[in-house]
A.B. asks: 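This is the structure I have questions about; it appears just below.
Every heavy atom of this structure was used, including side-chain atoms; hydrogens, water molecules and symmetry mates were not. Reminder, nothing fancy here: chain letters follow the sequence lines and each chain counts from 1.
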Amino acid sequence: MLYREIEDRLRAAVVSVLPEAAPESIQVRPCPDPQFGDYQSVALMQLARQRRTNPRQLAQEVVGRLDVSDICSSVEVAGPGFINFRLRPDAIAQALKGPLSGGSLFFEPAARPRTVVIDFSSPNVAKPMHVGHIRSTILGDALTRVMRLLGHRVITDNHIGDWGTQFGKLLVGWKTRLDPAALVADPIAELERLYREVNTASESDPAVLEEARRELVKLQEGDEENLRIWREMIALSQTQFDAIYDRLDIAFDHTLGESFYNPRLRSVVDELRRRGIARESEGAVVVFFDDDPQLRDHPALIQKSDGAANYATTDLATLEHRLTTWKPDLIIYVTDGRQQLHFQQIFAIFRRWHPDVPVDLAHVWFGSILGPDNRPFKTRAGEVIKLADLLDEAEERAFAVVSEKSPELPEAARREIARVVGIGAVKYADLSPNRQSDYVFDWDRMLALSGNTAPYLQYAYARIRSIFRRGEVQLDSGTPIVLEAPEELGLARGLLEFGLTLEAVVEDYRPNLLCTYLYDLAGRFARFYEACPVLKADEPQRSSRLALCELTGRVLQEGLAALGIKTLEQM
RNA sequence: GCCCGUGUAGCUCAGGUGGAUAGAGCAAGCGUUUCCUAAACGCUAGGCCGCAGGUUCGAGUCCUGCCACGGGCACCA
């Protein structure tokens, strides 16, 4: 990695001038504008400020002790004290040769691989998966893939909502109102109907509510009939989840729902009480955070006054289980931003409970899905959009476009292309915005197939494959690389940033950085493709450009795969 | 009331530790195909970065105060 090499040497030069400077504070990053150079460092300006010296002078002094002449054609101090580096084309060419001969693809595996448990998706039993589940599911999967690409050991766990008070009403509905034919036709719709009907009935009739409560208690006490129905509802729901995950190409290592932790809840509460972390208050068991200004006014309930545990209790038991089972270095929760306080509380309780356990806990939250009116999203009928319908629509729109662009392909091929393009578009639309922004749902934006979208990236890849379909080529470290045209240099420089991008994604849990990078790279390729003939070029340009195409194709494919998006040989 | 976010082009959004003239896509307008996929490329137009102060060589970015919107704040998850 050329930027790493420059950074290392710059650090050494800075330390030789200022022995007390912290090397980590000196960084090199891509130049915002290529007219200034390829990489730049602003660290000297900050160091000069701390030391109240002239930044330009300090930068000059450091540059005087810096030898990067084998990598850079120029090193300049510019403006108030930037250090700008311009790479030598032959150094870039050399950097491209590694991956051509089996070396790693512009990124290095993590120096210290971590064991990571990641909790995402978490749909509820007896409810359809809707657009509200899409962000957690797609974001969690993308983070998993990027971390695995960098060599981390990642364990995915789908913490499904398979326990709770809703089952009282569902059991009443199942026993008194079930339509067996409807259950066969669309199980989730039928379960949803049952819940709604009983819920409505219970609002006007206290007897129904009481009945639901009794059924719930029976379930909790292990009544065989109720357990059987409950398990069937879970199985029906799981089938639906699996169908969606299958279409999205997402798999979980474990699916341990809330019910799995049920037997452990009591001991969690007991232990927290015994240790004096929790105490009784107003009939409930509560953890107070008097010494924490952030949480002082927000005590956490771990047992309700009726003796039942709640969400916090389950999450604590889950945390404990994950810790003892997998011994992770890091646990990641991918949920919506509304749960920030909840996770602050859980993490704070956990730190008191296990002060010596060196696990990092991260709540990777994302903004809400809103409608065009900036309010929580609903369709006109007041129904949320089901995920399955969204995916259907995506594939349908993509099919129309494929059929228009490539009418010569047989229908089966067009269907397959539409599937990959449609699902890719949905995933990319979800991953490319900053995750913390609220999310305005819009069919056309979500399913767009041109501009900054997955199909644009897939198209760049398909064009590359099309070139290689026209002839076998042998590419290896002996392949000549000549970078002369600005489009060739631009593309080659783009390739070098892949690793930097992957690291940034993991650092801040932000897959949108990878989207931005790949979109920029595909743009560089498109410009190269317009300006530089490949197959018709004379040697050594021809081989060199083929090598550029090959490497670009690999980065696009690997990068998209890290987002959970597939590529196509043809589209 | 307190806490967490958000406010950038007509629309949807990017803008790692403060850095050089604020960037895309869509929509609008004008071009490019005897040539490896035009699902592409080029050009034009479009901006008191919510408002007002402050910190400093330098603020979309940091601090304070307002305004607007979303969310959260003990027995839902």
A.B. asks: With a cut-off of less than 4.0 Å, is there a side-chain N or O of A:Arg445 near OP1 or OP2 of B:C26?
C.D. replies: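 No, A:Arg445 has no side-chain N/O under 4.0 Å of OP1/OP2 on B:C26.
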A.B. asks: Need to verify one output field. Residue with the more 5' nearest nucleotide on RNA chain B, A:Pro299 or A:Asp33?
C.D. replies: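 On the 5' side of the pair lies A:Asp33.
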A.B. asks: What is the distance, to the nearest angstrom, from the CZ atom on A:Arg51 to the C1' atom on B:U56?
C.D. replies: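 So the CZ-C1' distance, A:Arg51 to B:U56, works out to 20 Å.
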A.B. asks: Distance between the C1' atoms of B:A74 and B:U61, in whole angstroms?
C.D. replies: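 Rounded to whole Å, the distance is 38 Å.
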A.B. asks: Looking at CG of A:Leu449 and CE of A:Met571, how far apart are the two atoms once the value is rounded to the nearest 0.5 Å?
C.D. replies: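 Output value for this atom pair is 8.5 Å.
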A.B. asks: Would the distance check show the side chain of A:Gln60 and the main-chain N or O of A:Val77 forming a donor-acceptor pair, the cut-off being under 3.5 Å?
C.D. replies: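 Between the backbone of A:Val77 and the side chain of A:Gln60 there is no qualifying donor-acceptor contact (under 3.5 Å).
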A.B. asks: Taking B:U8 as the reference, what is the distance to B:C3 when you measure between their P atoms (whole Å, please)?
C.D. replies: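 To the nearest whole Å, 24 Å.
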A.B. asks: With both distances kept under 3.5 Å, what pairs with B:U44, Watson-Crick or G-U wobble?
C.D. replies: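 B:U44 is paired with B:A28.
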A.B. asks: Touch check for A:Thr453, heavy atoms < 4.0 angstrom, all strands: base, sugar-phosphate only, or nothing?
C.D. replies: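 Nothing, no heavy atom under 4.0 Å.
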A.B. asks: Name the residue closer to the 5' end of RNA chain B, choosing between A:Ser437 and A:Phe528 according to the nucleotide with the nearest heavy atom.
C.D. replies: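 The residue closer to the strand's 5' end, by nearest nucleotide, is A:Ser437.
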A.B. asks: Roughly how far apart, to the nearest Å, are B:C11 and B:C51 at atom P?
C.D. replies: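 One P to the other, the span is 15 Å.
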A.B. asks: For B:A39, does OP1 or OP2 lie under 4.0 Å from any side-chain N or O of A:Tyr459?
C.D. replies: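 It does, given that an N or O in the side chain of A:Tyr459 lies less than 4.0 Å from OP1 or OP2 of B:A39.
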A.B. asks: Does B:U37 have OP1 or OP2 under 4.0 Å away from a side-chain N or O of A:Arg470?
C.D. replies: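 Yes, within the criterion.
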A.B. asks: For the pair A:Thr567 (side chain) and A:Gln458 (backbone), establish whether a donor and an acceptor sit closer than 3.5 Å, ignoring hydrogens and angles.
C.D. replies: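 Side chain of A:Thr567 to backbone of A:Gln458, a donor-acceptor pair under 3.5 Å: no, none is there.
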A.B. asks: With P as the reference atom in both, quote the distance from B:U44 to B:G25 in angstrom, rounded to an integer.
C.D. replies: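 B:U44 and B:G25 have their P atoms separated by 13 Å.
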A.B. asks: Can you tell me if A:Arg510 touches the phosphate of B:G15, counting only side-chain N or O atoms and a distance under 4.0 Å to OP1 or OP2?
C.D. replies: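 For B:G15, OP1/OP2 do have a side-chain N/O of A:Arg510 under 4.0 Å.
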A.B. asks: Could you point out which residue of A:Glu404, A:Arg419, A:Glu411 forms a side chain to side chain contact (heavy atoms under 4.5 Å, CB included) with A:Phe399?
C.D. replies: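 It is A:Glu411, the one option of A:Glu404, A:Arg419, A:Glu411 that forms the side chain to side chain contact (heavy atoms under 4.5 Å, CB included) with A:Phe399.
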A.B. asks: For B:U33 and B:C13, measure between their P atoms and round to the nearest Å.
C.D. replies: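 So the two P atoms sit 37 Å from each other.
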A.B. asks: For B:A38, does OP1 or OP2 lie under 4.0 Å from any side-chain N or O of A:Arg463?
C.D. replies: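 Yes.
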A.B. asks: Could you tell me whether the phosphate oxygens of B:C76, OP1 or OP2, come under 4.0 Å of any side-chain nitrogen or oxygen in A:Lys304?
C.D. replies: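 Result: yes.
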A.B. asks: For B:A22 and B:A28, measure between their P atoms and round to the nearest Å.
C.D. replies: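 Going atom to atom, P in each nucleotide, I get 27 Å.
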A.B. asks: Using atom P in both nucleotides, what's the gap between B:G5 and B:A45 to the nearest angstrom?
C.D. replies: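 One P to the other, the span is 39 Å.
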A.B. asks: Does OP1 or OP2 of B:U6 have a side-chain N or O of A:Asn434 closer than 4.0 Å?
C.D. replies: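 A:Asn434 to B:U6 OP1/OP2: no side-chain N or O under 4.0 Å.
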A.B. asks: Please work out which of the three classes, parallel, tilted or perpendicular, describes the rings of A:Trp230 and A:Trp163, given edges at 30° and 60°.
C.D. replies: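 Ring orientation of A:Trp163 relative to A:Trp230: perpendicular.
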